[in-house]
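This report concerns only the one structure given below.
All values reported here derive from a predicted model rather than from experimental measurement.
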There are 2 protein chains.
Amino acid sequence: MDISRLDIHNSDTPELCKSCEVRHKGMCGALNGMELTLLSKHTRQVSQPAGEELVGESTDIDAYDNIMRGVVKLSKTLEDGRQQIVGLQFAPDLVGRLYASESPMTAEAASDVDVCRVPRRILERLIDGNPELRKRLMDQSLRELDEARDWMVTLGRKTASEKVASLLLLIATHLDPDAEGERRVFDLPVSRLDIADYLGLTIETVSRQLSKLKGEKVISITANRHIEVLNFTKLRVRAG
Amino acid sequence: MDISRLDIHNSDTPELCKSCEVRHKGMCGALNGMELTLLSKHTRQVSQPAGEELVGESTDIDAYDNIMRGVVKLSKTLEDGRQQIVGLQFAPDLVGRLYASESPMTAEAASDVDVCRVPRRILERLIDGNPELRKRLMDQSLRELDEARDWMVTLGRKTASEKVASLLLLIATHLDPDAEGERRVFDLPVSRLDIADYLGLTIETVSRQLSKLKGEKVISITANRHIEVLNFTKLRVRAG
DNA sequence: CATTCCACTTGATCTTGATCAAGGAATGGC
DNA sequence: GCCATTCCTTGATCAAGATCAAGTGGAATG
């Protein structure tokens with residue numbers, strides 16, 4: 001891999017980097033706002049439609065994907081096909097297990113996704129030379145660890161009803177972060193099967209719990225995926 | 001906090017640091033083998049009997065504990081008392097959420113534990129100045145993240161029987177790492193209740209599954225806590 | 001417009017693991 | 001050694017959620 005053309009410096013015009021306006025020249029997402037521009041032919045923007053795989057379980061990692069738009073789901077599968085979603089990632093997260101040559105899980109576009117793809121060696125080199133980037137990635141890793149452990153409580157100790165409420169709460173927080181008061185509006189980025197696989201339930205149970213929340217006027221659902229939270233306080237109480 | 005006396009350097013005699021032979025002067029565990037000696041009155045060795053709390057959930061973090069001997073359990077509790085163990089830590093792990101002022105969970109001595117306690121500010125300063133230590137802690141965090149996600153699969157998608165086998169496997173790996181062939185011997189560092197809280201089960205179910213494994217001659221149990229694995233291959237198959 | 005397909009919902013029944021209840025075995029104090 | 005206490009096991013019953021089985025509705029296709 002040719003990294004001789006790699007040029008890392010604090011950009012005088014970091015605005016160029018925002019939202020990847022300068023494609024193939026700027027790194028965005030988590031790496032944005034760093035006032036850092038990576039001028040390299042290696043970095044490029046990639047769009048994936050929902051359902052498309054970014055990295056497969058137990059496959060070689062040769063690049064990291066910085067999410068700019070959309071939702072990525074991380075999952076693990078047992079030999080007999082049972083699946084567990086172990087995390088959702090949103091912009092501006094970086095997708096990919098740092099410092100591993102093999103991915104411990106599958107990363108898949110849940111919704112349509114735009115990412116900025118950085119070759120592995122390049123990012124690892126960037127990290128070494130850039131304390132702020134290093135700190136940022138350390139923070140993301142530690143935050144993901146906190147989230148994974150929070151979710152272990154949900155998986156191990158909550159009822160089906162609490163699990164579903166917890167997931168709605170999680171998604172609402174990410175997809176409608178600025179909302180105030182009782183109302184939240186968003187589109188579920190995942191299918192009922194994905195929800196079930198995230199919560200350790202079956203699709204039938206998920207469906208029943210959503211119907212129950214609908215019947216109790218905590219949420220309203222239109223077109224299967226469009227959720228309107230009517231009573232956020234109640235939803236939080238349900239989540240335990 | 002007085003850190004003026006802090007002196008960090010690569011030790012010429014790292015042997016002094018092994019197993020904390022020089023107490024109050026050396027950092028051990030994860031920090032051992034770093035050929036690094038921290039000469040500071042702030043670092044000290046602490047022994048905690050089983051059951052004693054090291055850090056409470058939502059309490060201020062003012063020190064990190066480097067495990068030198070024993071097993072530490074990390075847990076989270078819901079308001080109504082339901083508990084989930086979100087991780088076990090063994091020597092030479094570092095206990096404590098890096099870069100947070102408040103602990104997201106309880107850390108408790110599962111067995112009798114010896115730790116090397118380092119004040120928070122001191123360790124954070126050490127990290128800044130020491131790339132190898134930084135890498136080591138990053139690796140630990142990423143490994144813990146992998147483990148948490150593996151456990152999410154166990155919690156969400158495995159049966160009671162598979163869960164219990166998975167835990168025995170996990171503990172055997174840590175407490176009898178050098179064993180070869182089919183036999184493994186160790187003492188459970190945790191009670192049945194802890195096992196249940198780690199697996200998202202009840203003590204009754206755990207007890208029944210252990211009895212089943214005993215009946216099938218996969219393990220033998222003496223004095224409640226002493227486990228002898230008779231057929232490691234079978235145990236691995238059971239773990240799914 | 002009819003048809004197919006897919007994602008989701010709803011109902012009936014079954015199973016796994018929880019709960020309730022009792023008793024047994026190890027541990028600590030005196 | 002004896003007692004109390006705590007931890008663990010085992011049995012009987014119950015219920016949450018899984019499984020099995022039909023639908024429903026919306027979007028895509030011809």
- Task: Write down the distance between CD (B:Q209) and P (C:dT16), rounded to a whole number of angstrom.
- Result: 11 Å
- Message: For the residue pair B:E204 / B:S207, report whether a side-chain donor-acceptor contact shorter than 3.5 Å exists.
- Response: no
- Query: Given axes from five pairs at either end, by how many degrees does the helix from C:dC1-D:dG30 to C:dC30-D:dG1 bend, rounded to 10°?
  - Reply: 40°
- Of A:E204 and B:I221, whose nearest nucleotide on DNA chain D comes first from the 5' end? B:I221
Please tabulate, one pair per line, each protein N/O and nucleotide N/O from nucleotides 4-8 of chain C that are separated by under 3.5 Å, including the distance.
{"residue": "C:dC8", "atom": "OP1", "partner": "A:R225", "partner atom": "NE", "Å": "3.3"}
{"residue": "C:dC8", "atom": "OP2", "partner": "A:R192", "partner atom": "N", "Å": "3.1"}
{"residue": "C:dC8", "atom": "O3'", "partner": "A:R192", "partner atom": "NH2", "Å": "3.4"}

- Task: Quick one: do A:V115 and A:N66 satisfy side-chain contact (heavy atoms from CB on, under 4.5 Å)? Show the steps, please.
- Result: CA-CA 5 Å; A:V115 301; A:N66 201 193; 5.8 Å; no
- Message: Does this structure show an ion pair linking A:E228 with A:R184, if we count only N-O contacts that are shorter than 4.0 Å?
- Response: no
- Between the side chains of B:K158 and B:S166, does any donor sit under 3.5 Å from an acceptor? yes
- Task: Determine yes or no for a side-chain-to-main-chain donor-acceptor pair under 3.5 angstrom, with B:S141 supplying the side chain and B:L137 the backbone.
- Result: yes
- Message: Strictly distance-based, threshold 3.5 Å: is any side-chain N or O of A:E182 a donor or acceptor partner for the main-chain N or O of A:F232?
- Response: yes
Please tabulate, one pair per line, all N/O donor-acceptor pairs under 3.5 Å involving side-chain atoms of residues 188-201 of chain B, not counting sequence neighbours.
{"residue": "B:S191", "atom": "OG", "partner": "B:L193", "partner atom": "N", "Å": "3.4"}
{"residue": "B:S191", "atom": "OG", "partner": "B:D194", "partner atom": "N", "Å": "3.1"}
{"residue": "B:R192", "atom": "NH1", "partner": "B:N224", "partner atom": "O", "Å": "3.1"}
{"residue": "B:R192", "atom": "NH2", "partner": "B:N224", "partner atom": "O", "Å": "2.8"}
{"residue": "B:D194", "atom": "OD1", "partner": "B:K73", "partner atom": "NZ", "Å": "2.9"}
{"residue": "B:D194", "atom": "OD2", "partner": "B:K73", "partner atom": "NZ", "Å": "3.0"}
{"residue": "B:D197", "atom": "OD1", "partner": "A:R157", "partner atom": "NH2", "Å": "2.9"}

- Query: Which part of the nucleic acid, if any, lies within reach of A:L210 when heavy atoms closer than 4.0 Å are counted: base, sugar-phosphate only, or nothing?
  - Reply: nothing
Below 3.5 Å, can you tabulate the donor-acceptor pairs from side chains in residues 212-219 of chain A to any protein atom, sequence neighbours excluded?
{"residue": "A:K212", "atom": "NZ", "partner": "A:Q209", "partner atom": "OE1", "Å": "3.3"}
{"residue": "A:E216", "atom": "OE1", "partner": "A:R238", "partner atom": "NH1", "Å": "2.5"}

- Message: Looking at A:Q140 and A:L94, would you say the former's side chain and the latter's main chain have a donor-acceptor pair under 3.5 Å?
- Response: yes
- Its 5'-most and 3'-most nucleotides having an atom under 4.0 Å from a non-hydrogen atom of chain A, DNA chain D is contacted over D:dG17 to D:dC20
- Task: Identify whether any heavy atom of B:T202 sits under 4.0 Å from a base atom; if not, whether one sits that close to sugar-phosphate; answer base, sugar-phosphate or nothing.
- Result: base
- Task: Under the side chain to side chain donor-acceptor pair (under 3.5 Å) rule, collect the residues that match up with B:S47, sequence neighbours excluded.
- Result: B:D114
